[in-house]
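Since we're looking at a predicted model, the values are computed, not measured. In this chain, residues are counted from 1 in sequence order.
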Amino acid sequence: MDDEPGAEPTTAEQAELIRAVEQLARDWAGMQNPSATGEPDGELRLLAVLKKIDEACQAAAARAAVAALKQGAGFEDLGEAWGFSWQAASKRWGHLARGERVAVVISRRNRVHRDGYGEVDGDGQYDMDRGAWPVGDEVRRKARYAVIAVDGTVRRVYKITDGWEPDQHSPKWHFTGTLLDDPEIEAAHAAGDLPLKPGDSCPTQRGRAYRPHWF
């Protein structure tokens, strides 16, 4: 296989892998050439072993996905590796990596869009930060902090003090909160209530600024 990270195996390499897995299954099933007997028992034993191998592979994939998430990968990265969308990756593996608490994370580029959204600075920045965001019911109930990252680095943190307001033009939500100063951030982080603080890495994910951060 190509030494480049994420390189796809060639057709020949895929065929070799399939043959190796089939041989492993036959060895486990105690078979040499089951189809030569003309009876289905051998193939059924092989099928049962292949099911166990599939279950082992799924468990190994889940462990790899959780480890990747803990090392900073996102669901987009998992989806790309597995060959499906970030939503499917989140649905498949997200529950394995999440803790009981959650923070709202907004991670975006240091720019202002044509519609005025973005890093505007000054008094208008709070309105840009608070949304609207596609935040689900559970996150709205549990999240106590909103973390704002710019160009991949956490820049500021809000404490969500008065819950969420529905957007008037979309099925999204605006948080209501107060901007924390450095001592307040340090205290929340030291207490384990805040998973990220200014200066921490928080990469922007393609196509979406908002994501829940379970910890």
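For Trp133 and Trp164, the ring centers are positioned 6.0 Å apart or more.
No side-chain N or O of Arg63 forms a donor-acceptor pair with one of Gln58 less than 3.5 Å apart.
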Check the pair Val150 / Arg109 against side-chain contact (heavy atoms from CB on, under 4.5 Å), numbers first and verdict last.
-> CA-CA 5 Å; Val150 180; Arg109 303 296 183 192; over 6 Å; no
Report the C-alpha distance between Leu69 and Leu78 in whole Å, list the side-chain angles of each, state the deciding distance to 0.1 Å, and finish with yes or no for side-chain contact (heavy atoms from CB on, under 4.5 Å).
-> CA-CA 8 Å; Leu69 288 170; Leu78 300 188; 3.8 Å; yes
In sequence, state the C-alpha distance, the side-chain angles, and the governing distance for Leu46 and Glu43, and then conclude on side-chain contact (heavy atoms from CB on, under 4.5 Å).
-> CA-CA 5 Å; Leu46 176 63; Glu43 293 291 355; 3.5 Å; yes
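No more than 12 heavy-atom neighbours from other residues, nucleotides or ligands sit within 6.0 angstrom of CD on Glu16. In this structure, Asp123 places its CG atom where only 12 or fewer heavy-atom neighbours from other residues, nucleotides or ligands lie under 6.0 Å away.
Residues Trp173 and Val135 share a closest heavy-atom pair of CD1-O, 3.6 Å. In this structure, Gly177 and Thr161 approach most closely via the heavy-atom pair CA-OG1, 3.5 Å. A pairwise comparison of heavy atoms in Ala143 and Val104 identifies CB-CG2, 3.8 Å as the closest pair. Closest approach of Arg130 and Asp127 over heavy atoms only: CG-O, 3.5 Å. Between His189 and Pro195 the shortest heavy-atom distance is NE2-O, 4.0 Å.
Residues meeting the salt bridge (Lys or Arg N to Asp or Glu O under 4.0 Å) test with Lys159, sequence neighbours left out: none. Residues satisfying the ring pair (Phe, Tyr, Trp, His ring centres under 6.0 Å) test with Trp214, not counting sequence neighbours, are none. Under the rule for a salt bridge (Lys or Arg N to Asp or Glu O under 4.0 Å), the partners of Arg155 that lie at least two apart in sequence or sit in another chain are Glu119.
By the 30° and 60° cut-offs, the orientation of the rings of Tyr126 relative to Phe175 is perpendicular.
Using a 4.5 Å heavy-atom cutoff, the side chains of Thr178 and Tyr158 are not in contact. Using a 4.5 Å cut-off on side-chain heavy atoms (C-beta onward), Phe84 and Arg92 make contact. Residues Gln87 and Phe75 have side chains not in contact (no heavy-atom distance under 4.5 Å, counting atoms from C-beta outward). The shortest distance between side-chain heavy atoms of Cys202 and Arg211 falls below 4.5 Å. Side chains of Val139 and Tyr210 form a contact here, defined as non-hydrogen atoms less than 4.5 Å apart.
Here salt bridge (Lys or Arg N to Asp or Glu O under 4.0 Å) pairs that include residues 139-148, with residues two or more places apart or in two chains, are Asp137-Arg140, Glu138-Lys142, Arg144-Asp193.
Hydrophobic clustering, defined by side-chain heavy atoms of Ile, Leu, Val, Met, Phe, Trp and Tyr closer than 4.5 Å, groups Val154 together with Val105, Tyr145, Val147, Val157, Leu180, Ile185, Leu194, Leu196.
A donor-acceptor pair under 3.5 Å is absent between the side-chain atoms of His213 and the main chain of Ala103, judged by distance alone. Asp200 contributes a side-chain N or O that, together with a main-chain N or O of Lys197, makes up a donor-acceptor pair within less than 3.5 Å. Checked by atom type and distance alone, the side chain of Arg101 pairs as donor or acceptor with a backbone atom of Gly192 at under 3.5 Å. Checked by atom type and distance alone, the side chain of Glu80 never pairs as donor or acceptor with a backbone atom of Asp77 at under 3.5 Å. Counting only distance, with no hydrogens or angles, the side chain of Glu13 and the backbone of Thr10 share a donor-acceptor pair below 3.5 Å. Between the Asp151 side chain and the Asn110 main chain, a donor and an acceptor come within less than 3.5 Å of each other.
We find that Arg156 and Asp129 are joined by a salt bridge, their nearest charged nitrogen and carboxylate oxygen being less than 4.0 Å apart.
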Please list, one pair per line, the donor and acceptor atoms closer than 3.5 Å that link side chains of residues 47-55 to other protein atoms, with sequence neighbours excluded.
unit_1, atom_1, unit_2, atom_2, d
Lys51, NZ, Glu55, OE2, 2.3

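Grouping the Ile, Leu, Val, Met, Phe, Trp and Tyr side chains by contacts below 4.5 angstrom, directly or via other members, places Leu24 apart from Leu44. Criterion: ILVMFWY side-chain heavy atoms under 4.5 Å apart, direct or through other members. Under it, Trp86 and Leu96 are part of a common hydrophobic cluster.
Put simply, CE on Met128 and CZ on Arg108 are 8.0 Å apart, with the number rounded to the nearest 0.5 Å.
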